[in-house]
Every structure is written in structure tokens, then in C-alpha cells.
Amino acid sequence: ALVMLERFEDAIEVSQRSQRQANSAVFSHLAEISALGRLGRKEEAHDAIARARAKKPDVSIAWVEEALPITDARCREIFHDGLRKAGLPA
């Protein structure tokens, strides 16, 4: 939700905190990846993608669209735009 509100720094902080929890899922990485992409922080985004791939090697935008459908077009575009800018494969 924080990414969709364009509160990217907050999204990164919350996502990283969530990742420190035991058994965190790949979803905890997606907000960080999108926010970093929107902020143009490519090196950090690539590191976040690598951490997500450690949990789900085939994570991609297509997988995100299926696993995490966002019905609001504006929110979906903000989120997916960040994923693309971060370098997550289509």
C-alpha cells in the first residue's frame, strides 16, 4: 500500500523490517523492489531482486500479476512501473 501511495522510503523500511521476520515470503520483497525502482536506486534494487529470487527463483512481473492481482489501474501501474524500473524480468 505504501508504494501505491508513493511513500517509497516508508515502503522500503517496512518491507525490509518484514524480511527480517522468520519465514518471510517473497511478497515481502516486492514492495522494496518496486519502491527502489521508482526511486532509481538500481544497485539496491538488483540486490533486492536477488534476495527475492533466493525465495522464488522464477519471480517475474508476469508472476506478480497472477499472484498479486491489483484491480485499481493507477495502483497497478505505479507498482509494476517500479518493478520494471528495478529490472525485474517481465
Inset, instruction - Mind checking the OG-CZ spacing from S28 to R17? Nearest 0.5 Å is all I need. - result: 12.5 Å
Legend entry - Any residue meeting side-chain contact (heavy atoms from CB on, under 4.5 Å) with A45, in chain and number order, not counting sequence neighbours: L36, A86
Inset, instruction - Look at K85 together with D81 and state whether they make a salt bridge at an N to O cut-off of under 4.0 Å. - result: yes
Legend entry - Short N-O contact, E65 and R76, less than 4.0 angstrom: no
Inset, instruction - Would you check if L39 and I12 make a side-chain contact, meaning some heavy-atom pair closer than 4.5 Å? - result: yes
Legend entry - same_hphob_cluster(W63, I61) at 4.5 Å side-chain heavy-atom cutoff: yes
Inset, instruction - Supply the atom-to-atom distance K56 NZ to L30 CG, rounded to the nearest 0.5 angstrom. - result: 11.0 Å
Legend entry - Under 3.5 Å: donor-acceptor pair, side chain of S34, backbone of F79: yes
Legend entry - Heavy-atom side-chain proximity of R51 to E32 below 4.5 angstrom: yes
Legend entry - I49 to L88 - nearest heavy-atom pair and separation: CD1-N, 3.6 Å
Inset, instruction - May I ask whether V14 and L83 are part of the same hydrophobic cluster, defined by side-chain heavy atoms of I, L, V, M, F, W, Y residues being less than 4.5 angstrom apart, directly or through others? - result: no
Legend entry - Shared hydrophobic cluster, F8 / L2 (ILVMFWY, side-chain heavy atoms < 4.5 Å): no
Legend entry - Closest non-hydrogen atom pair between A52 and V26, with its separation: O-CG2, 3.7 Å
Legend entry - Over all atoms of both residues, closest heavy-atom pair of R74 and M4: NH1-O, 3.7 Å
Legend entry - SB check R7 E13 (cutoff 4.0 Å): no
Legend entry - N-O pairing of E9 and R41 below 4.0 Å: yes
Legend entry - Separation of L5 CG from C75 SG (nearest 0.5 Å): 7.5 Å
